[in-house]
*Asks:* 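What follows is a single structure, and I will ask about it in a moment.
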Amino acid sequence: QVQLVESGGGLVQAGGSLRLSCAASGRTFSSYNMGWFRQAPGKESEFVAGISRLSITTSYADSVKGRFTVSRDNAKNTVYLQMNSLKPEDTAVYYCAADSGVAVADTGSSYDYWGQGTQVTVSS
């Protein structure tokens, strides 16, 4: 069992930055690939970024490549999402998720555990 708690969301102007954190409980954090997803009002959830257990592999949605960076600190049981050059279309609730599968997945159904989400609002 893994419990995930996101933090760091908020209101920011377009062009600004935010850093999301996701703290995991338990001693097996390093055995999970981690992902970030987001869901905007009226839209389906979409994959944002993912990172493998030992940070060897990262994956990004095309819409955030070059602007967002995913990282993790296994000693702190935490995964991060650094978001730069934010756009109004990045407005959404952002969720972190843990996946015990082999490779970093970009589909939500692959993930076993989810956090409660943190709101990110980007004003124009």
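The structure displayed is predicted, hence computed values, not measured ones.
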*Asks:* Roughly how far, to the nearest 0.5 Å, is CG of D73 from OG of S30?
*Replies:*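 So the OG of S30 and the CG of D73 are separated by 11.5 Å.
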*Asks:* Would you say R38's side chain and V120's backbone share a donor-acceptor pair under 3.5 angstrom?
*Replies:* no
*Asks:* Hey, could you give me the OG/NZ distance between S124 and K87, rounded to the nearest 0.5 Å?
*Replies:*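 NZ of K87 is found 14.0 Å from OG of S124.
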*Asks:* Working note: K65 + D62, criterion salt bridge (Lys or Arg N to Asp or Glu O under 4.0 Å); need CA distance, chi angles, decisive distance, verdict.
*Replies:* CA-CA 5 Å; K65 280 181 181 176; D62 288 343; 3.2 Å; yes
*Asks:* Just grab all the ring-ring contact (aromatic ring centres under 6.0 Å, His included) pairs involving residues 42-77, residues at least two apart or on different chains.
*Replies:*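 Listed once each, the pairs are F37-F47.
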*Asks:* Answer yes or no: is there a donor N or O on one side and an acceptor on the other, between the side chain of T69 and the main chain of Q82, under 3.5 Å?
*Replies:* no
*Asks:* Quick check on the hydrophobic clustering: are L81 and L86 connected, directly or via other members, by side-chain heavy-atom contacts under 4.5 Å?
*Replies:*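 In one cluster with L81: L86, yes.
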*Asks:* On a heavy-atom basis, which atom in V12 and which in G16 lie closest, and how many Å separate them?
*Replies:*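 Taking every non-hydrogen atom into account, CG2-CA, 3.8 Å.
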*Asks:* Keeping to residues at least two apart or across chains, list the disulfide bond (SG atoms under 2.5 Å apart) pairs with something in residues 80-115.
*Replies:*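 Sorted result for residues 80-115: C22-C96.
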*Asks:* Could you list all the disulfide bond (SG atoms under 2.5 Å apart) pairs where at least one residue sits in residues 27-56, not counting sequence neighbours?
*Replies:* none
*Asks:* Do F29 and K76 have side chains that get closer than 4.5 Å, going by heavy atoms?
*Replies:*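 They are not in contact (no side-chain heavy atoms under 4.5 Å apart), so the answer is no.
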*Asks:* Testing the basics here: between R67 and S85, what is the closest heavy-atom pair and its distance to 0.1 Å?
*Replies:*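 Smallest interatomic distance, heavy atoms only, reads NH1-O, 3.0 Å.
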*Asks:* With a 4.5 Å cut-off on side-chain heavy atoms, are L20 and E6 touching?
*Replies:* no
*Asks:* Using only atom types and a distance under 3.5 Å, with no angle test, would you say the side chain of D90 pairs donor to acceptor with the backbone of V122?
*Replies:*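 Answer holds: no.
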*Asks:* For V104, is there any backbone N or O sitting under 3.5 Å from a side-chain donor or acceptor partner on D99?
*Replies:*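 Checked: no pair found.
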*Asks:* If we ignore hydrogens and angles and just use 3.5 Å, is the side chain of Y32 paired with the main-chain N or O of Y111 as donor and acceptor?
*Replies:*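 Judged by distance alone, no pair lies under 3.5 Å.
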*Asks:* Can you see which heavy atom on S21 is nearest to which on T78, and at what distance?
*Replies:* CB-CG2, 4.3 Å
*Asks:* Hey, is CD on Q3 packed in by over 12 heavy atoms from elsewhere, all under 6.0 Å?
*Replies:*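 No, because the 6.0 Å sphere around CD of Q3 holds 12 heavy atoms or fewer from other groups.
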*Asks:* Is the backbone of Y94 close enough, under 3.5 Å, to the side chain of T118 for a donor and an acceptor to pair up by distance?
*Replies:* no
*Asks:* Roughly how far apart are N33 CG and I51 CD1, rounded to 0.5 Å?
*Replies:*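 Atom-to-atom, N33:CG and I51:CD1 are 9.5 Å apart.
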*Asks:* Enter the distance from R19:CZ to M83:CE here, rounded to the nearest 0.5 Å.
*Replies:* 11.5 Å
*Asks:* Find out whether L4 and Y95 are in side-chain contact, i.e. whether some heavy atom of one side chain is under 4.5 Å from a heavy atom of the other.
*Replies:*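 No; the side chains remain at least 4.5 Å from each other.
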*Asks:* Should V48 and V93 be regarded as members of a common hydrophobic cluster, given that ILVMFWY residues are connected when their side-chain heavy atoms come within less than 4.5 Å of each other, either directly or indirectly?
*Replies:* no
*Asks:* With side-chain hydrogen bond (donor to acceptor under 3.5 Å, both in side chains) as the test, would you mind laying out the steps for S17 and N84 before giving the verdict?
*Replies:* CA-CA 4 Å; S17 298; N84 299 329; 2.9 Å; yes
*Asks:* Can you hop from V2 to V70 via hydrophobic side chains spaced under 4.5 Å?
*Replies:*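 Yes.
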*Asks:* Side chains of T91 and Q119, heavy atoms from C-beta outward: is any pair under 4.5 Å?
*Replies:*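 Heavy-atom side-chain distance check passes, below 4.5 Å.
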